[in-house]
Amino acid sequence: MAPNWFMYFIVFWAVVMIVFMSIGGYFMFRKFLKVLPKRDGKSKLDWQNYWVERSRGMWPEDSKAFLEKLVAPVPSAFRDIARHSIAAKIAQVAVEGGSTEVSRSHCIEGYILATPKRDYRSLVSFLEREQIDYKPYAHLLNK
């Protein structure tokens, strides 16, 4: 018969594994929901890819550098995904605005629109810390 401490050790690791698998499953399910097609037949990821491809030649070097500055606070494990979704929203703002080039103002507006409402407090503190003027777009934060 195994000692009691060994049984508790096995139970502890079983609970830890179930918790980790649940967390991973949650994030996999969220990713799955993004791939499901909407009413127009395209998924959220399809639209992101569309806007990024449509604006591929519209990004000057300073706008690319500014985008890198904007995604800097995102943890490195999620930075590529965040960069892609923020760039898609910036591209959508620029293209729908009839611009031929992505500007700094498009970047700020798209960054605010791409950020979930729950993260607005950290977004505002980041913009203030970096001394980025977001006042012309403050109305977007109140939606």
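What you see below is based on every heavy atom in this structure, not just the backbone, and it leaves out hydrogens, waters and symmetry mates.
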(message) According to side chain to side chain contact (heavy atoms under 4.5 Å, CB included), who are the partners of Arg83, at least two apart in sequence or on a separate chain?
(response) Leu67, Glu68, Val71, Arg79, Asp80

(message) Quick test of your reading: applying salt bridge (Lys or Arg N to Asp or Glu O under 4.0 Å), list the pairs with at least one residue in residues 40-57, sequence neighbours left out, ordered by first then second residue.
(response) Glu53-Arg56

(request) Using the test side chain to side chain contact (heavy atoms under 4.5 Å, CB included), find all partners of Asp133 that sit at least two apart in sequence or belong to another chain. (result) Lys135, Pro136

(message) Once rounded to the nearest 0.5 Å, what's the spacing between atom OG of Ser43 and atom CG of Asn49?
(response) 8.0 Å

(request) Drop me the distance from Ile81's CD1 to Gln48's CD, to the nearest 0.5 angstrom. (result) 10.0 Å

(message) So, using ring pair (Phe, Tyr, Trp, His ring centres under 6.0 Å) as the criterion, who are the partners of Tyr137 when residues are at least two apart?
(response) none

(message) Under 4.5 Å between side-chain heavy atoms, counting indirect links through other Ile/Leu/Val/Met/Phe/Trp/Tyr residues: same cluster for Ile10 and Met17 or not?
(response) no

(request) Can you sort out the partners of Glu96 under side chain to side chain donor-acceptor pair (under 3.5 Å), two or more places apart, ordered by chain and number? (result) Gln92

(request) Mind listing the closest non-hydrogen atom pair of Cys107 and Val102 along with its distance? (result) SG-CG1, 3.9 Å

(request) State, yes or no, whether a side-chain contact exists between Ile112 and Lys89 at a heavy-atom distance under 4.5 Å. (result) no

(message) If hydrophobic clusters are built from ILVMFWY residues whose side chains come within less than 4.5 Å, do Leu140 and Val93 share one?
(response) yes

(request) Starting at CZ of Phe66, measure out to CH2 of Trp59 and round the result to the nearest 0.5 Å. (result) 10.5 Å

(request) Return each pair, listed once, that meets salt bridge (Lys or Arg N to Asp or Glu O under 4.0 Å) where at least one residue sits in residues 7-34; pairs must be two or more places apart or across chains. (result) none

Which donor-acceptor pairs under 3.5 Å do side chains of residues 123-131 form with protein atoms, sequence neighbours excluded?
| residue | atom | partner | partner atom | Å |
| --- | --- | --- | --- | --- |
| Ser125 | OG | Arg121 | O | 3.4 |
| Ser125 | OG | Ser122 | O | 2.9 |
| Glu128 | OE2 | Tyr134 | OH | 2.9 |

(message) Let me check something: do Val15 and Ile18 share a hydrophobic cluster, defined by ILVMFWY side-chain heavy atoms less than 4.5 Å apart, either directly or through other members?
(response) no

(message) Please give the remaining members of the hydrophobic cluster of Leu33, linking ILVMFWY side chains under 4.5 Å, ordered by chain and number.
(response) Phe29, Phe32, Leu36

(request) Keeping to residues at least two apart or across chains, list the side chain to side chain donor-acceptor pair (under 3.5 Å) pairs with something in residues 103-116. (result) Ser103-Ser105, Ser103-His106

(message) Using a 4.5 Å cut-off between side-chain heavy atoms of Ile, Leu, Val, Met, Phe, Trp and Tyr, which other residues end up in the same hydrophobic cluster as Tyr8?
(response) none

(request) Just jot down the side chain to side chain contact (heavy atoms under 4.5 Å, CB included) partners of Pro116, sequence neighbours excluded, or say none. (result) Arg118, Asp119

(request) Using the rule that two of Ile, Leu, Val, Met, Phe, Trp, Tyr join whenever any of their side-chain heavy atoms come within less than 4.5 Å, decide whether Met21 and Val16 are in one cluster. (result) no

(message) Are Val52 and Trp47 linked, directly or through intermediate hydrophobic residues, by side-chain heavy-atom contacts shorter than 4.5 Å (ILVMFWY only)?
(response) no

(message) Could you work out, with salt bridge (charged side-chain N to carboxylate O under 4.0 Å, His left out) as the rule, every residue matching Lys64, not counting sequence neighbours?
(response) Glu61

